[in-house]
Q: 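Can you keep this structure in mind? I'll have questions shortly.
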Protein chains: 2
Amino acid sequence: MVELTNPLIQIKKGALDFCVLAIIARRETYGYEIVKFLGEQGLATSEGTIYPLLARLNKDGLVTAAWRQEDGGNPRKYYRVTAKGETALVMFKQSWLDFIEAVNCILEGGVAHGTRT
Amino acid sequence: MVELTNPLIQIKKGALDFCVLAIIARRETYGYEIVKFLGEQGLATSEGTIYPLLARLNKDGLVTAAWRQEDGGNPRKYYRVTAKGETALVMFKQSWLDFIEAVNCILEGGVAHGTRT
DNA sequence: AAATAGTGCCTTGCTTAGCAAGGCACTATT
DNA sequence: AATAGTGCCTTGCTAAGCAAGGCACTATTT
């Protein structure tokens, strides 16, 4: 009888999703750079994770993509957050805060549960 | 060339694992109660998630299980954390802190990445 | 006594996402 | 010319959360 339509599922299985969204929100960027940046930040991941993830964000309308070639480098697919993406990011952030609060409560709360009636 | 043998994967896909471990660490408990407790804490989940999870923890030697019947109630399978489980929990906690720090850094850090050489 | 709701365990089948591995095309370096 | 790097992508595997449902027992209600 529990409603499971909350965004918790997305958080548990898709924490990376909104991390990537947040990275794109800061400034336009592209997949290869995101992979490297996440690695530097201690969130090592692989291209096999990021590219499908970006395709998902794009399909859901949270980001837009545009090919562009700068200088003499390889052409890159630059991603930019949409208004819908910004909204989603805000909600994601709140869900994230709720989530870590719940987890921290479970971790740190020394009081046993259900001992009092 | 990135080493992906870190515990990050476990965290991303198994945040619940160590939540459950932490709950059991506080005091002996059983599956049905854990499900209800997680729901109260805002981490709604289902029995289809918890029972396989408990079986995994047990198989990995992080918890032990013992059937016991109290009063006139149904027999329950009580779980208790092992020494190995306690150790794993400590490491899990540290990984968790690292993880949320990395995520929060990405979320809150207003400084664009890679702009400086 | 019979029916219902609750407790408490479990499994099957589906879906999703992260990953390793690898491929393709181009550019920069040696 | 050969190697390393950039930058995109896909296929196939595996693991985990979930919905749904089943089974057995107990407590409550009528």
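Chain A is the first sequence line, chain B the second, and so forth, proteins listed ahead of strands; every chain is numbered from 1. All values below come from the heavy atoms of this structure, side chains included, with hydrogens, waters and symmetry mates left out. All of these numbers come straight from a predicted model, not from anything done at the bench.
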Q: Output the single nucleotide from C/dG18, D/dG7, D/dT10 whose closest atom is nearest the side chain of A/Asp17.
A: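 When the side chain of A/Asp17 is considered, C/dG18 is the closest of C/dG18, D/dG7, D/dT10.
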Q: Out of C/dC9, D/dG7, C/dG8, which has the shortest distance to the side chain of A/Tyr51?
A: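 Ranking C/dC9, D/dG7, C/dG8 by closest atom to the A/Tyr51 side chain puts D/dG7 first.
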Q: So B/Gly48, base contact, sugar-phosphate only, or nothing? Heavy-atom distance under 4.0 Å.
A: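 Base contact - B/Gly48 has a heavy atom under 4.0 Å of at least one base atom.
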Q: Show me, range against range, the stems involving DNA chain C, built from at least 3 consecutive Watson-Crick or G-U pairs below 3.5 Å.
A: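 So the stems come out as C:1-30 with D:1-30.
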Q: Does the side chain of A/Tyr30 get closer than 4.0 angstrom to OP1 or OP2 of D/dG7 through an N or O atom?
A: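 For D/dG7, OP1/OP2 do have a side-chain N/O of A/Tyr30 under 4.0 Å.
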Q: According to side chain to side chain contact (heavy atoms under 4.5 Å, CB included), who are the partners of B/Val35, at least two apart in sequence or on a separate chain?
A: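 For B/Val35 the side chain to side chain contact (heavy atoms under 4.5 Å, CB included) partners, ignoring immediate neighbours, are B/Glu47, B/Ile50.
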Q: With a 4.0 Å cutoff (strictly under), does any side-chain N or O of A/Thr49 reach OP1 or OP2 of C/dA17?
A: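 The answer is no; no side-chain N or O of A/Thr49 sits under 4.0 Å from OP1 or OP2.
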Q: Apply ring pair (Phe, Tyr, Trp, His ring centres under 6.0 Å) to A/Tyr51 and list each qualifying residue two or more places apart in sequence or on a separate chain.
A: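 Result, ring pair (Phe, Tyr, Trp, His ring centres under 6.0 Å) vs A/Tyr51: none returned.
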Q: Looking at C/dG18, I'd like to know if its phosphate oxygens (OP1 or OP2) sit under 4.0 Å from a side-chain N or O belonging to A/Ser46.
A: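 Negative; the distance criterion is not met.
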Q: When the nearest nucleotide of DNA chain C is assigned to B/Lys36 and to B/Leu54 on a heavy-atom basis, which residue is associated with the more 5' position?
A: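 Going by which nucleotide is closer to the 5' end, it is B/Lys36.
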Q: Does a side-chain N or O of A/Arg56 approach OP1 or OP2 of C/dA17 to a distance below 4.0 Å, or not?
A: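 A/Arg56 to C/dA17 OP1/OP2: side-chain N or O found under 4.0 Å.
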Q: Is there a donor N/O on one and an acceptor N/O on the other, under 3.5 Å, for the side chain of B/Glu47 and the base of C/dC9?
A: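 By the distance-only test, yes, there is a pair.
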Q: Tell me whether the OP1 or OP2 atom of C/dC9 has a side-chain N or O from B/Tyr32 closer than 4.0 Å.
A: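 Answer no for this pair, as no side-chain N or O of B/Tyr32 is under 4.0 Å from OP1 or OP2.
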